[in-house]
Every structure is written in structure tokens, then in C-alpha cells.
Amino acid sequence: MKPVSPVPNLVFQSVLVRLIGVLAELPLRVDIVTWGLTQPAQGSLAILPFVGPVMESTVQRANDEYSGFLKFSLTYVVEPRLKDCLQVADNIEPLMSKWYYNSSQAADVSVFIGSGCTDRFSMNIMAMNWNILMITCAAGVPSSDHKDLTPTWVTSSPYSEGSFIYLIIQTLLKHGWVTPYVLLDQDANVLYSAVGRAFAPIAGRAGIRPVRGILTTSFKDSSSFQSILKDFQGVSRAMLFLGHAEPFRKMLIEAAHRNMTNGDFVYIAMEAFQHKSFGNFTWNYNDSDDLVARSAFCSAFLIGMKQNLDQEMRMPDEDRLAAKWREDAQTKYNMSYTEDYRPLAYQYGTFLAVSATAKVLNESLLEFTGTKTDLPVWTSGKLLAQRFLNRSFSFNQQESYFNRFGVREVDIFANGFDAVSGTFKPYLQLVAKTHTVSTIGNVSWLSGSPPLNEPRCGFDNLRESCRPHANQGTTVGAVASVIGMIAIGIIVVLAKKRLDRTSDHTWWLLQSDWLYNDRNRLDSDFRQHCSRYSRI
């Protein structure tokens, strides 16, 4: 691999090496310390068999690129006996403390780079106290106005939990769906559980109250759909479904059978990024339910990233290295996976974390004017983390933006279903750099307008204002009688005139063309596709 100079002026860089080398004893030794699960658990993709080999190849690339200035090493702090995220979280403090207090500290700078799971909050406290830069490649940093609570923590993950929740809330508020029915699929990827835990308090501050709280259930039993939909119908009109694509599709099919995809209800799903572990959010499963599912999807929304975003997140030599990463996962972690199961989003986040760390360390070194004893202050975790804030990094012709909290932001979309094409089309966009929501498309509502948050006459159709009173009934009956008598009189007059013009003694036989009213039918392609199977 041909080394690439970190700065364009090679003469200046060479002089700088000679000038600082005496004082700082370059290259600067940097130890990247990683932690996490060594085996699959709870459907998590944030595990070392997926990201460890990518980290190793990127470290080697950084050593080639910054040769003479930075020398990277990689240290694993793991415990193979830990089976899931909760076990790692329970044991992460003694594991990392043992490393911190017992290691030789041969490196000039240490950096924590790992996937991150439920352990990330304990890791944040340790990294903050030890003043070490920490980058999570999968788990996100909580978006808080108090950056002093996460002063050394940034994330290179394309998935931002806070941004997804924000766009979900804005979608609900835009249409007045302030009492949603929130379902959490307990068998789905652990990512959805994290969203479920965080959603209610954040939504509450925006004036949204989940009508049943966050309902956690398993969809392995198909009968659960019927009871859930019956309960949903009686208390809400907007459902937020946090879970796998397959039960979401089954839910919509069952809703169609109950006439609950008629335009009065909306079903919102979430796809963190495109990967098999989240399922395929489409009606088209090539089975006998496809036609019903396609019609039912007209009542669906999908919150997610740009379609085919993974094709843009490409790493140098990825085509050549992908096979080696799978081979390393097998030999080092005894885990096999196919190419189409590779979590590109997390692997690119790992590549970005190591590459951006090398870049900011090189920048710090170029600005360094002190002696070797001053390096720990100059390369402290807090100062290095600040170099990520409100900034874009460009690697392999791809730009990645980190916001003021140190969270990598990617544009997110609320997609409405287009019945003609049978696909989801962007409707709302959360712009990463400005964190604003803009309308970029239209939604063809089945009933001509969005479903109401609550039916005009209430969920049980018994609201007092909608009940006919006794005097109202008498008045309506009288008016109907008068109208009926007038109509009969008109018919008789018309028939008598007909008789006068002819000698036909069957004047009382009315001809159908007298009463026929020819109307033009104006049905759009949307209603034609979505209404055909709305009643099963």
C-alpha cells in the first residue's frame, strides 16, 4: 500500500519531523484499546467478530499513512465468557480498571474505540475520569445540552438514536397524532429496546403521550395480532411499531382483515439501516398474502436512512479485504457469516473512528510546540474530542459530519407508501447538518387527509355531541315525510303528462331513463390500488 502524506507540503512535514523529533521523540505511540462481545448475542451486530478485523486493517493503514509521526498498536480488553450486553456492562468496570492500573502504559496516548452496547455509560464515566478519548462505532452518544457529562465521548456510528426519536416525534406532531399506540417487539434487535426505553420521556416533553405506555410483547404467537389490534382500535389511531419487519407485515395483513387499513389508521415502523437482522420492510414476500399486504401498506410509514446508503459507505480496498475480514472472524472468533450479512454501517463506523482519530492526532502533533512532558495535556481525551465537534471528515470520497455533541449525523427520512410503484417514497427529511425537518414529498392519504388522532364521535362512537336527541329524531322524521310526499307528487305529474302525449294506459309504469343520473367516476390510481383489498 502506497503511503499517503497527511499534509500536502512534504518539505514542511520533513522539517517538522526533524524539529519536533528531538523534543517529542517521534513517532508518537498510540494504543487503541477496544472492548466488547466476542460472540453473537440478542441479534446484536455490534460485536468484535464483525468490527475487530476492520479495526486491525485500518490500524495498519494508519501506520502506513502516518509513518514517522504516529505509531498505532491495538489492545483487546475482553472476556470471552460474557454472553450478552448486560453481562459486559456488569463486568466492564473491573475489566477496564485492571487494564488501566496494571498496564505498562508504554503508549504516549491511549484511545478507547469499541462498538459500545449497554456498557457505554460505564465506559463514559471511566473515560471521562481518566481523560481518554472514547469513540463508539455502534452505540450513540446521548444528545444532551450538557456536553460536560460526555466530554471525551464521540460516536462514528451512522445510527443516531436521538435523531430517529426526534424525527418520529416530528412526524407524529405534524399530523396531530399525540396519543400513539407504541409496540416493542421483544424478539427483535436490541436496538429497538433502547429506542423504546428512551422514547416515552422524550416524547412526553414534546406533548406526546403513548396511550398504553410502551407495550412489550412477542409476536411468535400469531393470535397476539388480533388482541393487539382490538385494543389499538379502541384507544388510538396511530401505531408506532418498534421491531422486525416480518411481524410488522403480519400486523398490517391482520389489520386489513379487520378493515383497519381503510384510511382511518396509520402504522409507523422504524428501520435503523438496511440489514437482514431488521428484516425487509416491504409487502412483497412472494407469498399468497402479497396482494393484501400491498394494499395494507398504503397505511404505513417507514422512518429510516436513505435507501442504499450502505453503497455509499465504502472503505479503501473493501472488495479485497471483505473476504479477509470474514476469514478472521472465523479463525479468531469462531464465527461465520455470509457477505450479505456483513453490517456495513458498523464496519464503516469502525473504519471512520480509527481514521478520524489518526487525523486529529496528526493535527494536534502539527500544532504542538512544547516538550514531551507536555504531550499528555496536548493530547488529552477532552481536547481530542473537541476536534470532532461541528466538523466533517472526508475519507475515500465520503463525507461524515459530527454535530456539536460529537454524534455523527446522517440524513433520516419519514417515508410514505406509494401505491403505484409499491415502494416507500421520502416525505419528510431530517437534515443532518442543520437538524431541521423539511417536507420533500407528498403522501396520498386513503381518505384524502391524514387519520385523526381520535374519531369525531370518539373511539366507541358514543360521544354526546354525536347522539341524536328525541326532538331531533321527530324533526328528521317529519322532514323526510314531506320530502317523500313531494317526490311522489312530482312522479305522478310527470307520468300524467306522459299519458297525455300518448294513448298508453300504462302511465304508471316508470321508465328507468327518467330517473337515471349519469355521473363520471373519478378514481385515482392510488385509490384503485389501495381500496381494492381494503375490505377482506
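Each residue takes its place number in the sequence, starting with 1. Everything quoted here is computed from the prediction, not taken from an experiment.
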Q | D287 and R249 ion-paired at < 4.0 Å | A | yes
Applying ring pair (Phe, Tyr, Trp, His ring centres under 6.0 Å) to F402 and not counting sequence neighbours gives F388, F393
Handout entry: Y348 side chain near C137 side chain, heavy-atom distance below 4.5 Å
Key = no
d(T152 OG1, L384 CG) to nearest 0.5 Å is 10.0 Å
Sorted by chain and number, sequence neighbours left out, ring pair (Phe, Tyr, Trp, His ring centres under 6.0 Å) with Y333 holds for none
Look at the rings of F351 and F395 and say which category their plane angle falls in: under 30° parallel, 30 to 60° tilted, over 60° perpendicular. perpendicular
Taking the six-membered ring for Trp and the full ring for Phe, Tyr or His, determine whether the centres of Y346 and F273 are under 6.0 Å apart. yes
| Which class fits the ring pair W445 and H175: parallel under 30°, tilted 30 to 60°, perpendicular over 60°? | perpendicular
Residue pairs passing the side chain to side chain donor-acceptor pair (under 3.5 Å) test with at least one member in residues 200-213, sequence neighbours excluded, are R212-D231
side-chain contact (heavy atoms from CB on, under 4.5 Å) filter on R456, not counting sequence neighbours, yields C466
| Between K433 and E409, is the closest basic N to carboxylate O distance under 4.0 Å? | no
Show me, pair by pair, the donor-acceptor contacts under 3.5 angstrom made by side chains of residues 123-136, not counting sequence neighbours?
{"from": "N124", "atom 1": "ND2", "to": "L149", "atom 2": "O", "distance (Å)": "3.1"}
{"from": "N129", "atom 1": "ND2", "to": "I125", "atom 2": "O", "distance (Å)": "3.2"}
{"from": "N131", "atom 1": "OD1", "to": "G381", "atom 2": "N", "distance (Å)": "3.3"}
{"from": "N131", "atom 1": "OD1", "to": "K382", "atom 2": "N", "distance (Å)": "3.0"}
{"from": "T136", "atom 1": "OG1", "to": "A139", "atom 2": "O", "distance (Å)": "2.5"}
{"from": "T136", "atom 1": "OG1", "to": "W153", "atom 2": "NE1", "distance (Å)": "3.1"}
{"from": "T136", "atom 1": "OG1", "to": "T155", "atom 2": "OG1", "distance (Å)": "3.4"}

Distance-only donor-acceptor hits, side chain of residues 234-244, under 3.5 Å, sequence neighbours excluded:
{"from": "S236", "atom 1": "OG", "to": "T179", "atom 2": "O", "distance (Å)": "2.8"}
{"from": "S236", "atom 1": "OG", "to": "A238", "atom 2": "N", "distance (Å)": "3.2"}
{"from": "S236", "atom 1": "OG", "to": "A238", "atom 2": "O", "distance (Å)": "3.3"}
{"from": "R237", "atom 1": "NH1", "to": "Q233", "atom 2": "O", "distance (Å)": "2.8"}
{"from": "H244", "atom 1": "ND1", "to": "E246", "atom 2": "N", "distance (Å)": "3.0"}
{"from": "H244", "atom 1": "NE2", "to": "G279", "atom 2": "N", "distance (Å)": "3.4"}

**Study point:** E93 with K98: basic N within carboxylate O range, under 4.0 Å
**Key:** no
- Item | NZ/NE/NH1/NH2 to OD/OE distance under 4.0 Å, K230 and E254 | no
